[in-house]
Amino acid sequence: TSFTLNPTAETEFAWYDVFTGLSLTAYYPRGYVEAGLLKKEWGSGDGVHVVDVLNAPDYRKGIIDDTLAMKVAEPMVGTTTTWDRTTLEIFYKPMLVPMMAAQSGPWGMSLDENLIDTSTFSEPTYDDLAKLTNGQIAARVKRTIGPADIGFIYFNGFNSQPGYVLDYSAPSSPPYPLTALSFTRFNLFGAEATVIAGPFTLMLEGGFWLSEDHAGTDPTLFNNKVAYLGGIGYLFADTGAYASITYHGEYILDFPGFGSVDFLQAQQASDGKAYMNTLTAALELPLAREKVSVRLAGTYQVETTGFALLPSITWHVTDDFVFRAAGRIFGAVDDSKQSIFHTWKNNDSLKLSIAYLF
């Protein structure tokens, strides 16, 4: 069980704000079954993935250099079985948990007001959307072959990012009133691979999302898309430092562009293009006999020139006492291009924390 209590302006706590993990596990000879509020990370990338689909992301406080901390702990039940050098994981999610994002405030991810009118729309609450009506299933099989770990993934479920149902009948031109949210069910066919070659680590991921709107004709649903990732890491034997660089992106099929009323595809476009490509790099440097760890991480979105820098220092003062300082810097090289990093450009911060490990 894991939970967190943070100061909040809300009058009462919701379960997703308190529990970051709550589960029961039962073991059998070749594996185990677990059920509860779980967080899982699938994919070979170094903190960046394109086939990691089991948990909805939480962007209410921006992005941080911790993949699991940015996930919503979701109700699910699953089993993991291992034989020889093969592992099979199967998970069932009984409910749809949507992506969590702030609609206003410093971390707001508001819609384009030139395209969509939200003035009369009543935003549904998280509990309104998280209903026990939509089952989802995921499976991953991984096998070790020599220096490589190779995996295949199948997922039948929902895109946690909502789509938009617009009323085109009243105005003759945009912005059109937003009347409801929609969620797209899709099938993901994915693969991942990690290959170790001396000090080098090669990371590969790829996936094809087959949308329920496979013809790309419904403007309230997401289109089919292809996602890809390639990365390489290097371990410096003399110092123990580790550096990695990852390239990942996606391509939206049947992309209509901004000349169409298919605003959902336009909203997820990158600088008006059907594709999005991003570079992510990280350097971890252990110091003082590994009591101090310095990490420098950053990401750059090619089409919009948006960037995020995430430096941090972790100091294990004793075996039980840990001090950490973490910074966040957001912005864009070209301010004329819009991106979430550009939107958050005034949200630079420095966070100091201490932890005592019982």
Side-chain angles (χ1 to χ4, degrees), residues 4-10 14 16-17 47-48 56-72 98-119 121 123 125-126 160-162 164 174-175 178 181 245-246 248-250 258 263-264 266-273 276-283 294-314 323-354:
T4 181
L5 294 175
N6 292 315
T8 176
E10 302 296 330
Y16 47 83
D17 284 322
V48 181
D58 185 352
Y59 295 113
R60 291 176 299 168
K61 296 181 180 179
I63 63 172
I64 59 176
D65 193 14
D66 186 338
T67 305
L68 286 178
M70 286 189 60
K71 292 176 178 285
V72 181
M99 178 186 79
M100 305 192 73
Q103 298 302 316
S104 59
W107 301 109
M109 300 174 66
S110 58
L111 301 176
D112 189 340
E113 296 179 353
N114 296 319
L115 299 176
I116 299 176
D117 178 11
T118 61
S119 60
F121 180 68
E123 185 76 24
T125 67
Y126 185 84
S160 63
Q161 181 179 352
Y164 318 116
L178 175 63
L181 299 181
I245 184 168
T246 304
H248 69 281
E250 62 180 45
F258 285 101
F263 293 139
L264 181 57
Q267 280 290 130
Q268 67 170 343
S270 180
D271 193 33
K273 301 178 177 64
M276 177 184 297
N277 297 286
T278 306
L279 291 171
T280 301
L283 172 65
V294 177
R295 179 175 170 86
L296 303 174
T299 187
Y300 177 76
Q301 211 289 307
V302 176
E303 286 74 30
T304 65
T305 74
F307 64 84
L309 302 176
L310 306 171
S312 65
I313 298 177
T314 303
F323 169 80
R324 190 170 190 268
R328 293 190 288 178
I329 302 170
F330 302 99
V333 176
D334 185 349
D335 282 338
S336 67
K337 297 184 177 182
Q338 294 299 312
S339 69
I340 194 62
F341 302 119
H342 181 271
T343 302
W344 292 342
K345 65 180 181 179
N346 296 320
N347 293 0
D348 299 346
S349 65
L350 174 64
K351 179 180 179 181
L352 304 178
S353 62
I354 57 175

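All values below come from the heavy atoms of this structure, side chains included, with hydrogens, waters and symmetry mates left out.
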Problem set entry | L296 CG to S312 OG distance, which is reported to the nearest 0.5 Å | 7.5 Å
For this session: Nearest 0.5 Å please: distance from the CG atom of N347 over to the NZ atom of K61.
Result: 13.5 Å
For this session: Applying side chain to side chain contact (heavy atoms under 4.5 Å, CB included), name anything that partners I64, two or more places apart in sequence or on another chain.
Result: D66, A69, M70, R328
Problem set entry | Distance, nearest 0.5 Å, that separates CD1 of I313 from CZ of R324 | 10.0 Å
For this session: Not counting sequence neighbours, which residues clear salt bridge (Lys or Arg N to Asp or Glu O under 4.0 Å) with R295? List them please.
Result: D65, E284
Exercise. So, do V72 and M100 sit near enough that their side-chain heavy atoms are less than 4.5 Å apart?
Worked result: yes
Exercise. How many angstroms lie between atom CD1 of I245 and atom CG of L283, to the nearest 0.5 angstrom?
Worked result: 12.0 Å
For this session: Taking the side chain as every heavy atom from C-beta outward, state whether N277 and E303 have any atom pair closer than 4.5 Å.
Result: yes
Problem set entry | Residues that F330 engages under ring pair (Phe, Tyr, Trp, His ring centres under 6.0 Å), provided they are two or more places apart | W107, W344
For this session: Quick one: pull up CE in M109 and CZ in R60 and give me the separation to the nearest 0.5 Å.
Result: 13.0 Å
Exercise. How would you list, by chain and number, every residue that makes a side chain to side chain contact (heavy atoms under 4.5 Å, CB included) with L279, sequence neighbours excluded?
Worked result: Y247
Exercise. Taking all atoms of both residues into account, what is the closest heavy-atom pair of Y300 and V333, and its distance?
Worked result: CE1-CG2, 4.0 Å
Exercise. Just how far is it from atom OG1 of T343 to atom CD of Q338, taken to the nearest 0.5 Å?
Worked result: 6.0 Å
Exercise. Which pair of heavy atoms, one from G47 and one from T67, lies closest together, and at what distance?
Worked result: O-OG1, 3.3 Å
For this session: Check whether any side-chain heavy atom of Y164 lies under 4.5 Å from a side-chain heavy atom of L181, and answer yes or no.
Result: yes
Problem set entry | For the student: nearest non-hydrogen atoms of I63 and A308, plus distance | CD1-CB, 3.9 Å
Exercise. Hey, does the side chain of T305 reach the backbone of D334 with a donor-acceptor pair shorter than 3.5 angstrom?
Worked result: yes
For this session: Please name all residues satisfying side-chain hydrogen bond (donor to acceptor under 3.5 Å, both in side chains) with T280, sequence neighbours left out, ordered by chain then number.
Result: T299
Exercise. Can you name the side chain to side chain contact (heavy atoms under 4.5 Å, CB included) partners of P57, sequence neighbours left out?
Worked result: Y59, M99, S160
Exercise. Taking the side chain as C-beta and beyond, is there a heavy-atom pair between T314 and F323 under 4.5 Å?
Worked result: no
For this session: Could you tell me whether L352 atom CG has more than 12 heavy atoms of other residues or ligands within 6.0 Å of it?
Result: yes
